[in-house]
*Asks:* 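Let me begin by handing over the structure; questions about it come next.
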2 protein chains.
Amino acid sequence: MATIRDVARLAGVSVATVSRVINKIGNVNSETAHQVLKAIEQLQYEPNSVARGLAGKKTGTIALILPDILNPFFPALARAVEDVAHQEGLTVIFGNSDGLGLKERSYIKTLKKKYVDGIIIASNTVNPEDIEHLRKDQVPIVLLDRGLDIPTCPIIRSQNREGAKLAVKHLLSRGCRKIAHIYGPQEMITARERLLGYEDVVEGLDWYSPSLAVPGNFDIEGGRKAIKLLLERQPDIDGVFAGNDLMAIGALKGLHDLGIPVPERIKVCGFDGISLAEITEPELTTIAQPIYEMGALAAKILIREINTGISENTIMKLDVTLIPRKSTWKEGIDVDEA
Amino acid sequence: MATIRDVARLAGVSVATVSRVINKIGNVNSETAHQVLKAIEQLQYEPNSVARGLAGKKTGTIALILPDILNPFFPALARAVEDVAHQEGLTVIFGNSDGLGLKERSYIKTLKKKYVDGIIIASNTVNPEDIEHLRKDQVPIVLLDRGLDIPTCPIIRSQNREGAKLAVKHLLSRGCRKIAHIYGPQEMITARERLLGYEDVVEGLDWYSPSLAVPGNFDIEGGRKAIKLLLERQPDIDGVFAGNDLMAIGALKGLHDLGIPVPERIKVCGFDGISLAEITEPELTTIAQPIYEMGALAAKILIREINTGISENTIMKLDVTLIPRKSTWKEGIDVDEA
DNA sequence: CTGAAAGCGCTAACAT
DNA sequence: ATGTTAGCGCTTTCAG
């Protein structure tokens with residue numbers, strides 16, 4: 001592989017000049033520039049990113065740390081981040097943290113040593129001090145989806161609480177008179193907000209009781225168990241709002257096991273809008289987050305900070321939308337009223 | 001951030017000695033080593049990977065290029081690769097190629113410039129010359145899932161042809177007497193092999209006709225369309241073997257649209273064993289590939305080659321297994337006979 | 001507008 | 001066993 005020196009020699013200029021033309025900075029006589037370009041072409045020269053990283057402190061690499069790419073919510077995020085990065089000529093390092101603070105911190109340490117230009121992470125353990133350290137080392141970071149409200153760092157989420165309200169109101173408008181909620185792990189702010197949203201609308205209603213909310217661990221199995229528990233405690237529920245689609249799918253499964261017809265006897269609404277929701281039977285009504293957009297936005301904000309050095313430490317909550325499907329269907333309603 | 005020089009100074013030794021202790025090579029007096037370790041601890045020193053990469057030609061980074069992480073088949077591969085890489089202290093760069101040769105080559109070029117230690121790629125466009133180039137640049141590569149049989153490069157796939165036979169035989173054993181096949185894009189060797197496997201077993205049978213095999217593009221929509229086309233041409237089919245789970249799910253959807261009961265009237269079997277197959281109604285019988293193992297194996301082989309410099313250019317075909325579920329259920333059969 | 005030269009932080013001969 | 005030193009390939013003052 002040719003080096004910058006080879007190019008300089010062939011073009012009859014110094015390496016500094018070559019560096020100037022490949023980086024398009026400083027002034028270079030267009031004649032000389034042309035010579036250099038010719039030499040580059042001739043030698044098939046490609047600047048070495050590692051050397052560049054060492055000399056210039058910019059590696060053209062960002063990192064994306066997610067809890068688990070196997071969770072169907074995350075691939076869309078990953079795709080979005082990678083798309084935007086690739087478009088900007090950046091490369092992305094990817095890691096699974098399993099939601100473990102230990103692993104997250106270990107990744108972050110490694111990434112610093114690699115001089116990554118920035119980090120996007122979906123984590124609920126990252127705290128203000130971590131951010132502080134990163135900031136001191138000049139490593140921009142943006143929080144995605146999960147993540148506390150840290151005022152010193154940009155964070156992208158969606159309207160979880162509002163979305164939850166939307167879900168419950170939808171169920172209400174479809175005739176439900178006793179709506180349960182299956183919630184996710186309360187250490188996740190997303191799960192907490194959705195529970196709050198549920199409470200916001202049901203708390204005033206006469207049928208409401210705290211025992212209508214049960215945990216489901218954000219996974220299919222959890223949803224399945226939750227619905228069974230729920231039915232034991234409150235056999236007359238006619239609507240279920242699950243804190244995410246996975247649990248909603250579990251609930252659907254559980255109801256199917258029990259021979260309870262959906263949506264006739266019980267209506268179910270999920271949250272997230274992952275593609276799985278379209279393949280269940282009945283298809284799942286859900287509150288869709290703009291998952292891809294969230295990832296893309298995170299990447300854009302990160303890249304902007306990398307390029308300008310200034311960070312907009314703001315928390316952005318993207319809009320969610322109700323996607324009515326079979327699982328909340330009701331006779332005589334063709335168009336959604338929400 | 002402290003550098004190796006700071007450590008050397010504080011420990012009262014030369015940088016070479018420090019380098020020796022952090023790399024555990026050469027001989028170092030345990031006394032001195034101890035001093036060095038103490039200094040490292042004291043300064044919170046972390047070796048800079050970029051400098052290391054430049055000096056030593058090893059960056060501790062491998063790359064994984066997949067067609068599209070949104071396709072549910074790939075996350076498990078990604079998880080596996082990242083898991084073993086992480087375990088070995090390596091970091092993984094991730095990219096989506098969309099199956100485009102252009103994008104693949106562009107990634108490969110970028111990765112070379114970054115001195116990645118090795119590449120794992122699921123591609124059907126990579127050819128012997130590409131491999132040759134990489135080899136010349138000392139960049140180990142392993143092909144995963146898709147990918148032609150290139151004798152100069154390790155490749156991991158599963159028993160596609162055998163698996164297809166297994167599927168068709170299973171359908172036969174469940175009483176099907178006219179089995180159709182929905183196949184994937186024939187530029188993919190996996191799709192081709194599965195079609196061959198189908199033909200292997202049906203070709204001799206009296207009901208067989210080539211029009212029983214139709215394309216489905218490896219996606220849900222394609223499967224849905226395929227089943228409808230099939231039913232027009234051959235209304236009396238009673239079994240369908242889809243070349244992957246996505247198309248099988250599409251077929252299930254299509255049959256549901258048409259009001260044709262599965263498995264009573266038509267039985268359906270997929271291929272891949274992605275988790276989606278468990279959430280359909282009825283649940284989907286499928287030929288499961290050991291997806292995670294495939295990814296893990298690819299990573300291990302790559303890492304071995306990186307460490308030893310010797311490559312085992314062999315094509316490995318992992319075993320698949322039939323997972324019988326509701327979609328091929330038959331009265332009076334409790335245990336699978338295959 | 002262009003070149004010389006000093007690093008970036010580390011590894012790896014080569015000495016001692 | 002340990003130190004010296006020359007790079008790895010590029011960026012970036014600082015002169016000219």
Side-chain angles (χ1 to χ4, degrees), chain A residues 1-37 39-40 43-61 109-117 137-139, chain B residues 1-37 39-40 43-61 109-117 137-139:
Chain A
M1 267 191 171
T3 76
I4 198 173
R5 261 190 191 81
D6 301 325
V7 175
R9 196 173 308 131
L10 180 58
V13 300
S14 74
V15 296
T17 300
V18 177
S19 179
R20 284 187 192 101
V21 351
I22 56 190
N23 293 301
K24 306 190 209 314
I25 58 169
N27 290 322
V28 179
N29 181 317
S30 64
E31 268 300 287
T32 353
H34 188 253
Q35 292 306 311
V36 172
L37 260 3
I40 287 177
L43 294 169
Q44 296 256 55
Y45 168 71
E46 297 280 355
N48 175 321
S49 310
V50 180
R52 238 175 181 172
L54 183 58
K57 264 58 183 133
K58 280 244 179 308
T59 53
T61 304
K109 193 194 245 177
T110 311
L111 295 171
K112 273 187 194 169
K113 302 204 286 184
K114 297 218 176 213
Y115 281 179
V116 295
D117 295 340
D137 290 324
Q138 309 257 39
V139 186
Chain B
M1 269 189 166
T3 75
I4 197 173
R5 262 191 189 82
D6 301 325
V7 176
R9 196 173 309 132
L10 180 58
V13 300
S14 75
V15 295
T17 300
V18 178
S19 178
R20 285 190 190 97
V21 351
I22 56 190
N23 294 302
K24 308 190 208 313
I25 58 173
N27 290 324
V28 179
N29 181 316
S30 64
E31 268 300 290
T32 357
H34 188 254
Q35 292 306 311
V36 173
L37 260 4
I40 287 177
L43 294 168
Q44 296 256 56
Y45 168 71
E46 297 280 355
N48 176 322
S49 312
V50 180
R52 241 177 179 169
L54 185 57
K57 261 75 181 112
K58 281 242 180 307
T59 54
T61 305
K109 193 193 246 180
T110 310
L111 295 171
K112 274 188 194 169
K113 303 204 285 183
K114 298 218 176 214
Y115 280 177
V116 296
D117 295 340
D137 290 324
Q138 311 257 40
V139 185

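Order of the sequence lines sets the chain letters (A, B, ...), proteins ahead of strands, with each chain counted from 1. Treat the numbers as computed from the prediction; the structure is a model and nothing was measured.
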*Asks:* Please identify each residue that fulfils salt bridge (Lys or Arg N to Asp or Glu O under 4.0 Å) with B/Lys58, with sequence neighbours left out.
*Replies:*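 B/Lys58 satisfies salt bridge (Lys or Arg N to Asp or Glu O under 4.0 Å) with no other residue.
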
*Asks:* Using heavy atoms and a sub-4.0 Å distance, could you list which residues of residues 28-36 of chain A are near DNA chain D? By number, please.
*Replies:*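 Listed by number, there are none.
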
*Asks:* Among residues at least two apart in sequence or on other chains, which ones pass side chain to side chain contact (heavy atoms under 4.5 Å, CB included) with B/Val28?
*Replies:*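 If we apply the side chain to side chain contact (heavy atoms under 4.5 Å, CB included) test to B/Val28, skipping adjacent residues, the hits are B/Thr17, B/Arg20, B/Val21, B/Thr32, B/Ala33.
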
*Asks:* Within the structure provided, determine whether A/Asp117 and A/Lys57 are in side-chain contact (heavy-atom separation under 4.5 Å).
*Replies:*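 A side-chain contact is absent here, since even the closest heavy-atom pair is not under 4.5 Å.
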
*Asks:* Got a sec, which residues hit side-chain hydrogen bond (donor to acceptor under 3.5 Å, both in side chains) with B/Thr110, two or more places apart in sequence or on another chain?
*Replies:*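 B/Thr110 satisfies side-chain hydrogen bond (donor to acceptor under 3.5 Å, both in side chains) with no residue once adjacent residues are dropped.
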
*Asks:* Name all residues meeting the salt bridge (Lys or Arg N to Asp or Glu O under 4.0 Å) criterion together with A/Arg9; count only those two or more places apart in sequence or in a different chain, and write none if there are none.
*Replies:*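 A/Arg9 satisfies salt bridge (Lys or Arg N to Asp or Glu O under 4.0 Å) with A/Asp6 only.
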
*Asks:* Listed by chain and number, what are the side chain to side chain contact (heavy atoms under 4.5 Å, CB included) partners of A/Ser19, not counting sequence neighbours?
*Replies:*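 Partners of A/Ser19 under the side chain to side chain contact (heavy atoms under 4.5 Å, CB included) test: A/Ile4, A/Asn23.
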
*Asks:* List the residues meeting side-chain hydrogen bond (donor to acceptor under 3.5 Å, both in side chains) with B/Ser49, not counting sequence neighbours, and say none if there are none.
*Replies:*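 Testing B/Ser49 for side-chain hydrogen bond (donor to acceptor under 3.5 Å, both in side chains), a comparison that skips the adjacent residues, returns none.
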
*Asks:* So, using side chain to side chain contact (heavy atoms under 4.5 Å, CB included) as the criterion, who are the partners of A/Ala51 when residues are at least two apart?
*Replies:*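 Applying side chain to side chain contact (heavy atoms under 4.5 Å, CB included) to A/Ala51 gives A/Asn48, B/Leu54.
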
*Asks:* Along DNA chain D, 5' to 3', what are the outermost nucleotides having an atom less than 4.0 Å from a heavy atom of chain B?
*Replies:*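 Going 5' to 3' along DNA chain D, contacts run D/dA1 to D/dG9.
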
*Asks:* Does the protein touch nucleotides 7-16 of chain C at the base, only the backbone, or not at all? Give it as B, S and - per nucleotide, heavy atoms under 4.0 Å.
*Replies:* BBBBSBB---

*Asks:* How would you list, by chain and number, every residue that makes a salt bridge (Lys or Arg N to Asp or Glu O under 4.0 Å) with B/Lys109, sequence neighbours excluded?
*Replies:*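 Counting only residues at least two positions away or on another chain, B/Lys109 forms a salt bridge (Lys or Arg N to Asp or Glu O under 4.0 Å) with A/Glu46.
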
*Asks:* Considering residues at least two apart in sequence or located in another chain, which fulfil the side-chain hydrogen bond (donor to acceptor under 3.5 Å, both in side chains) criterion with A/Asn29?
*Replies:*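 Expected list: none.
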
